[in-house]
Amino acid sequence: MGQPLGSEEVPRGGVAFPDWAYKAESSPGSRQIQLWHFILELLQKEEFRHVIAWQQGEYGEFVIKDPDEVARLWGRRKCKPQMNYDKLSRALRYYYNKRILHKTKGKRFTYKFNFSKLIIVNCPLWGVRLWIREK
DNA sequence: GTCGGAAAAG
DNA sequence: CTTTTCCGAC
């Protein structure tokens with residue numbers, strides 16, 4: 001009793017807030033939204049389930065069901081009308097070395113977040129769940 | 001489709 | 001630094 005109302009679930013697991021999860025728009029300077037933020041944003045909304053969705057079975061794995069639409073949405077967000085899946089996927093490929101994503105080989109349009117070093121947390125800034133790196 | 005080098009933009 | 005653009009290779 002007497003617990004403050006309106007407080008969301010607190011992050012589980014002794015969370016630290018390091019690098020890339022917090023590089024949102026609130027970063028010092030002027031950093032734009034990053035692609036993996038955008039992907040996560042789409043993934044959490046039901047209205048985009050026909051465009052991009054989590055793959056059942058493997059946690060962190062997602063399938064782009066409509067590459068053209070994802071590219072269009074991404075292009076709109078970044079004011080890059082000429083965006084297409086070919087370019088978007090190149091940006092995704094740069095994440096391989098950054099250890100944010102990797103490809104699920106053999107599965108079309110399927111990628112996977114590196115949950116080996118990720119942890120789920122509630123992001124108080126957006127009121128959404130984000131994955132951040134475990135420290 | 002997917003990969004990754006290279007150059008360029010912001 | 002991240003992402004965009006272009007593109008040859010597989």
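The basis for the numbers below is simple: all heavy atoms, side chains too, and nothing from hydrogens, waters or symmetry mates. So you know, we letter chains A, B, ... as the sequences are listed, proteins then strands, and number each from 1.
A search for side chain to side chain contact (heavy atoms under 4.5 Å, CB included) contacts involving A/F109 returns A/I64, A/P67, A/Y85, not counting sequence neighbours. Scored by the side chain to side chain contact (heavy atoms under 4.5 Å, CB included) test, A/T104 finds A/E61, A/K107, A/T110, A/K112 as partners (sequence neighbours excluded). In this view, A/F48 satisfies the ring-ring contact (aromatic ring centres under 6.0 Å, His included) rule with no residue, not counting sequence neighbours. The side chain to side chain contact (heavy atoms under 4.5 Å, CB included) test applied to A/R76 returns A/R72, A/L73, not counting sequence neighbours. Looking at residues two or more places apart in sequence or on another chain, you find a side chain to side chain contact (heavy atoms under 4.5 Å, CB included) between A/N84 and A/D86, A/K87. In this structure, the salt bridge (Lys or Arg N to Asp or Glu O under 4.0 Å) partners of A/E46, at least two apart in sequence or on a different chain, are A/R49. With sequence neighbours excluded, the residues satisfying ring-ring contact (aromatic ring centres under 6.0 Å, His included) with A/F38 are A/W74.
Nearer the 5' end of DNA chain B, as judged by each residue's closest nucleotide, is the contact made by A/F109, out of A/F109 and A/N97.
Hydrophobic clustering (side-chain heavy atoms under 4.5 Å, transitive across Ile, Leu, Val, Met, Phe, Trp, Tyr) keeps A/V63 apart from A/L92.
Close approach of DNA chain B to chain A, defined as any atom under 4.0 Å from a non-hydrogen atom of the protein, starts and stops at B/dG1 to B/dA7.
For the pair A/F38 CZ and C/dT3 C1', the computed distance is 14 Å after rounding to whole Å. To the nearest angstrom, P of C/dT3 lies 10 Å from CG of A/L101.
A/Y95 comes within 4.0 angstrom of sugar-phosphate atoms only, judged by non-hydrogen atoms across all strands, and of no base.
Close to C/dT3, at under 4.0 Å from its OP1 or OP2, lies no side-chain N or O of A/W74.
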Between the protein and nucleotides 5-8 of chain C, are there any N/O to N/O pairs under 3.5 Å, and if so, what are the atom names and distances?
unit_1, atom_1, unit_2, atom_2, d
C/dT5, OP2, A/K87, NZ, 3.4

